[in-house]
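Below is one structure, written out as structure tokens; the observations come after it.
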Number of protein chains: 2
Amino acid sequence: MPAPTPRPRRTQAERREATTGKLVDATIACLAERGYANTSVAAICGRAGVSQGALFRHFATRADVIVAAADEITRRHLAQFTAAAPSLRADALERIVVLVRALTRTDTHAAWREIMVAARTDPDLRDAAAEGLQSFERRLIDTAAQFLGLDPRTAERVAVVLLSVMHMFDSEAVTVTVYANERLERERVRWATQMLARELAVLVH
Amino acid sequence: MPAPTPRPRRTQAERREATTGKLVDATIACLAERGYANTSVAAICGRAGVSQGALFRHFATRADVIVAAADEITRRHLAQFTAAAPSLRADALERIVVLVRALTRTDTHAAWREIMVAARTDPDLRDAAAEGLQSFERRLIDTAAQFLGLDPRTAERVAVVLLSVMHMFDSEAVTVTVYANERLERERVRWATQMLARELAVLVH
DNA sequence: AAAGATAGCGAGCGGTCACTTTCTAAGTTA
DNA sequence: TAACTTAGAAAGTGACCGCTCGCTATCTTT
């Protein structure tokens, strides 16, 4: 008689990691497509294909799941930026600007924004979000220094500009989902590129 | 014998307007200090000092109250900007930048942001938010034209910059509540002022 | 293989959600 | 003043919320 189910035989650590991973992925997806208010424990578990009991074995509260998702998003953001870093060249600034904009329009970033906005009025989330934010800023400075060939001091000033541009696109991304204005968006890329070029010109010379 | 309660004797229209006004005010306050997810009907009514039955006499759904709040916020934003407009002068650009930043840090704007972010994943809110957004953009262009003494075409390009700066500060305002970085914020004002000056210089000549 | 620990399920908990219903108070019209 | 309409309070309604608990399944240790 054939074995009805070929048991995978995973270790407890593997099982744990698999389900927590599924839960975090589902949380990010829910935040992106349903928003913070509608990312209920039931929604997360439903999407992850896991019972609510399972969720509460690994996370003490719903907030803890969100925090875990925030950490994961930070990790992904950094990885994404690092992966794209080699294409950062001082003679292709528009590419950088468009890249930053594209980043702020991903589902992952939408989830991040949901958490950040919720963190404003939720002390528990605030601490977790602050940590991710700081590490992201630090890494961005490092990456800019490395790939644009700048000394640390100059890199920091360029990073301020990059972060500011990112802020601009972050906020733009929200309004774009509500009401798109292509001409305005195109103009904004042109403008940001120019600003970056001017800042670099001033700093490098 | 003295009258135990000096009846105000208001008309129905006055009564109606008074309570809807209280409800909208309370909604804005709740959004600002508790966030979208925690702005429940109970919270709104509690703050307004009105029963839930009263709320549902004037608004069909919770979403309708939020929409009314969004409309009111748009009105206030425009009024605030128009009031500040006389201080917009081409030789005091930093003042403009600081003004825009201050606007994005008000409670009213925080409430607006809560609605905008929620609108991303809520079709009902989206339409209402889009309307407010468009009228605000239009008015900003007009105001800029009027007070900076620009022709319509130039004014529109300056407005793009102003709106972009506003976007930057909008997003910054969120992160600031999570983790403040004064040096970075100061640098950002300096940078935005410079950008605005450059843009004006290019356009006016 | 026995005993213990960890993972996962699903029913069920009290509480809160948006919203409804019922009834009284206040203003309007005749 | 009587008949009618509108405003508001208060007590529901079922649905859903985050979370707990008792239990079985799977993995680990002995």
State, without any angle test, whether B:H77 and B:H109 hold a side-chain donor-acceptor pair at a distance under 3.5 Å. yes
Identify which nucleotide among C:dC9, C:dT28, D:dG18 has an atom closest to any side-chain atom of A:V41, counting heavy atoms from C-beta outward. D:dG18
Using whole Å, report how far CG of A:N38 lies from C1' of D:dG18. 15 Å
Distance check: side-chain N/O of B:R62 vs OP1/OP2 of C:dA18, anything under 4.0 Å? yes
Can you identify which nucleotide, out of C:dG10, D:dT28, D:dA9, has its nearest atom closest to the A:T11 side chain? D:dT28
Salt-bridged, B:E182 to B:R188, with N to O below 4.0 Å? no
Spacing between A:E14 atom CD and C:dA5 atom P, to the nearest angstrom: 22 Å
Can you tell me how far C1' of C:dA26 sits from CZ of B:R16, to the nearest Å? 15 Å
May I have the distance from B:L23 (atom CG) to D:dA7 (atom P), rounded to whole angstrom? 13 Å
Using a strict threshold of under 4.0 Å (side-chain N to carboxylate O), is an ion pair present between B:E185 and B:R105? yes
For the side chain of A:Q12, starting at C-beta, report the closest nucleotide among D:dA9, C:dA5, C:dC9. C:dA5
D:dC17 OP1/OP2 closer than 4.0 Å to side-chain N/O of A:S40: yes
Just compare C:dC9, D:dA9, C:dC19 and give me whichever is closest to any side-chain atom of B:F56. C:dC19
Please give, in whole Å, the distance from C:dT20 P to B:F59 CZ? 15 Å
Please tell me which of the listed nucleotides, C:dA26, D:dC19, C:dG8, lies nearest to the side chain of A:T61? D:dC19
Using a cut-off of less than 4.0 Å, is there contact between a side-chain N or O of B:H58 and OP1 or OP2 of D:dT6? no
Separation of A:R10 atom CZ from D:dT26 atom P, in whole Å? 11 Å
Whole Å only: how far is the CZ atom of A:R15 from the P atom of D:dC27? 5 Å
With heavy atoms under 4.0 Å as the rule, sort B:R57 into base, sugar-phosphate or nothing. base
Tell me yes or no: between the side chains of A:D71 and A:T74, is some donor less than 3.5 Å from an acceptor? no
Regarding C:dC19, can its base be found pairing with the side chain of B:Q52 as donor and acceptor, where the two atoms are less than 3.5 Å apart? yes
Please pick, from D:dT26, D:dA7, C:dC17, the nucleotide with the shortest atom-to-atom distance to any side-chain atom of B:A42. C:dC17
Quick check: on DNA chain C, is the nucleotide nearest B:A13 upstream (toward 5') of the one nearest B:G53, or the reverse? Name the residue that is more 5'. B:G53
Can we say B:E114 and A:R120 salt-bridge, meaning some charged N sits less than 4.0 Å from an Asp/Glu carboxylate O? yes
I need the NZ-P distance between B:K22 and D:dA7, as an integer number of Å. 14 Å
